[in-house]
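Okay, structure first, notes after.
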Amino acid sequence: MRTLARLDRPWPKRLVEDIFGEGVVITEKTVIEKAIGSLSPREVQVIELGKAGYTLKAAGIALGISRDRVRQIEAKALRRLRLRLRHLQ
(Lines give C-alpha, C1' and ligand atoms only; values in the text may rest on other atoms or scores of the structure.)
Protein backbone atom coordinates (compact mmCIF):
# COMPACT_ATOMS: atom_id res chain seq x y z
CA MET A 1 0.00 0.00 0.00
CA ARG A 2 1.31 3.44 -0.89
CA THR A 3 1.74 5.90 1.93
CA LEU A 4 0.93 9.57 2.16
CA ALA A 5 4.57 10.24 3.01
CA ARG A 6 5.27 10.53 -0.72
CA LEU A 7 4.22 14.16 -0.77
CA ASP A 8 7.17 15.53 -2.69
CA ARG A 9 5.12 15.11 -5.86
CA PRO A 10 2.36 17.69 -6.28
CA TRP A 11 -1.13 16.41 -5.65
CA PRO A 12 -3.59 16.76 -8.53
CA LYS A 13 -5.54 20.01 -8.23
CA ARG A 14 -8.89 18.17 -8.30
CA LEU A 15 -7.87 15.88 -5.44
CA VAL A 16 -6.65 18.81 -3.34
CA GLU A 17 -9.91 20.68 -3.96
CA ASP A 18 -12.01 17.57 -3.21
CA ILE A 19 -10.25 17.05 0.10
CA PHE A 20 -9.52 20.56 1.28
CA GLY A 21 -12.03 22.73 -0.56
CA GLU A 22 -11.95 24.96 -3.57
CA GLY A 23 -9.21 27.54 -3.81
CA VAL A 24 -6.79 25.81 -1.44
CA VAL A 25 -3.24 25.71 -2.73
CA ILE A 26 -0.94 23.14 -1.17
CA THR A 27 2.61 24.40 -1.37
CA GLU A 28 4.49 23.08 1.63
CA LYS A 29 5.14 19.43 2.28
CA THR A 30 5.54 20.00 6.02
CA VAL A 31 2.10 21.58 6.34
CA ILE A 32 0.49 18.52 4.79
CA GLU A 33 2.55 16.14 6.90
CA LYS A 34 1.50 17.94 10.08
CA ALA A 35 -2.14 17.79 9.06
CA ILE A 36 -1.91 14.09 8.24
CA GLY A 37 -0.10 13.50 11.52
CA SER A 38 -3.25 14.56 13.33
CA LEU A 39 -5.19 11.62 11.86
CA SER A 40 -5.50 8.18 13.37
CA PRO A 41 -3.84 5.25 11.55
CA ARG A 42 -7.30 4.00 10.51
CA GLU A 43 -8.21 7.39 9.04
CA VAL A 44 -4.95 7.48 7.08
CA GLN A 45 -5.66 3.98 5.73
CA VAL A 46 -9.13 4.99 4.56
CA ILE A 47 -7.80 8.14 2.86
CA GLU A 48 -5.03 6.13 1.18
CA LEU A 49 -7.49 3.53 -0.10
CA GLY A 50 -9.78 6.22 -1.46
CA LYS A 51 -6.85 7.95 -3.15
CA ALA A 52 -5.87 4.60 -4.68
CA GLY A 53 -9.33 4.34 -6.24
CA TYR A 54 -10.96 1.84 -3.90
CA THR A 55 -14.73 2.02 -3.63
CA LEU A 56 -16.30 2.23 -0.18
CA LYS A 57 -17.26 -1.43 -0.46
CA ALA A 58 -13.76 -2.53 -1.53
CA ALA A 59 -12.13 -0.44 1.20
CA GLY A 60 -14.53 -1.96 3.72
CA ILE A 61 -13.60 -5.47 2.67
CA ALA A 62 -9.87 -4.61 2.83
CA LEU A 63 -10.24 -3.18 6.33
CA GLY A 64 -12.81 -5.66 7.62
CA ILE A 65 -15.51 -3.04 8.25
CA SER A 66 -18.75 -2.02 6.56
CA ARG A 67 -18.81 0.44 3.68
CA ASP A 68 -20.91 2.79 5.80
CA ARG A 69 -18.23 2.76 8.49
CA VAL A 70 -15.62 3.54 5.80
CA ARG A 71 -17.75 6.50 4.70
CA GLN A 72 -18.02 7.73 8.30
CA ILE A 73 -14.27 7.44 8.90
CA GLU A 74 -13.51 9.16 5.59
CA ALA A 75 -15.89 12.05 6.33
CA LYS A 76 -14.40 12.55 9.80
CA ALA A 77 -10.84 12.40 8.47
CA LEU A 78 -11.54 14.93 5.72
CA ARG A 79 -13.19 17.29 8.22
CA ARG A 80 -10.19 16.99 10.53
CA LEU A 81 -7.77 17.62 7.64
CA ARG A 82 -9.65 20.70 6.50
CA LEU A 83 -9.73 22.16 10.02
CA ARG A 84 -6.09 21.32 10.69
CA LEU A 85 -4.92 22.87 7.41
CA ARG A 86 -6.87 26.06 8.09
CA HIS A 87 -5.09 26.38 11.43
CA LEU A 88 -1.66 25.60 10.00
CA GLN A 89 -1.75 28.00 7.06
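Just the heavy atoms: all of them, side chains too, but no hydrogens, waters or symmetry mates, feed the values below.
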Going by atom type alone, with no hydrogens or angles, which donor-acceptor pairs under 3.5 Å involve a side-chain atom of residues 57-68 and a protein atom two or more places apart or on another chain?
from : atom 1 : to  : atom 2 : distance (Å)
S66  : OG     : R69 : N      : 3.1
D68  : OD1    : R71 : NE     : 3.0
D68  : OD1    : R71 : NH2    : 2.7
D68  : OD2    : Q72 : NE2    : 3.1

Exercise. If you measure from CD on E74 to CZ on R79, what distance do you get to the nearest 0.5 Å?
Worked result: 11.0 Å
Exercise. Out of curiosity, E48 CD to I36 CD1, how far, rounded to the nearest 0.5 Å?
Worked result: 8.5 Å
For this session: State which residue, out of L49, V46, T55, fulfils the side chain to side chain contact (heavy atoms under 4.5 Å, CB included) condition with V70.
Result: V46
Exercise. Which pair of heavy atoms, one from S38 and one from R84, lies closest together, and at what distance?
Worked result: OG-CG, 3.9 Å
Exercise. Does the side chain of E43 come within less than 4.5 Å of L81's, by heavy atoms?
Worked result: no
Problem set entry | Value rounded to 0.5 Å, distance of CD1 in I73 from CG in L56 | 11.0 Å
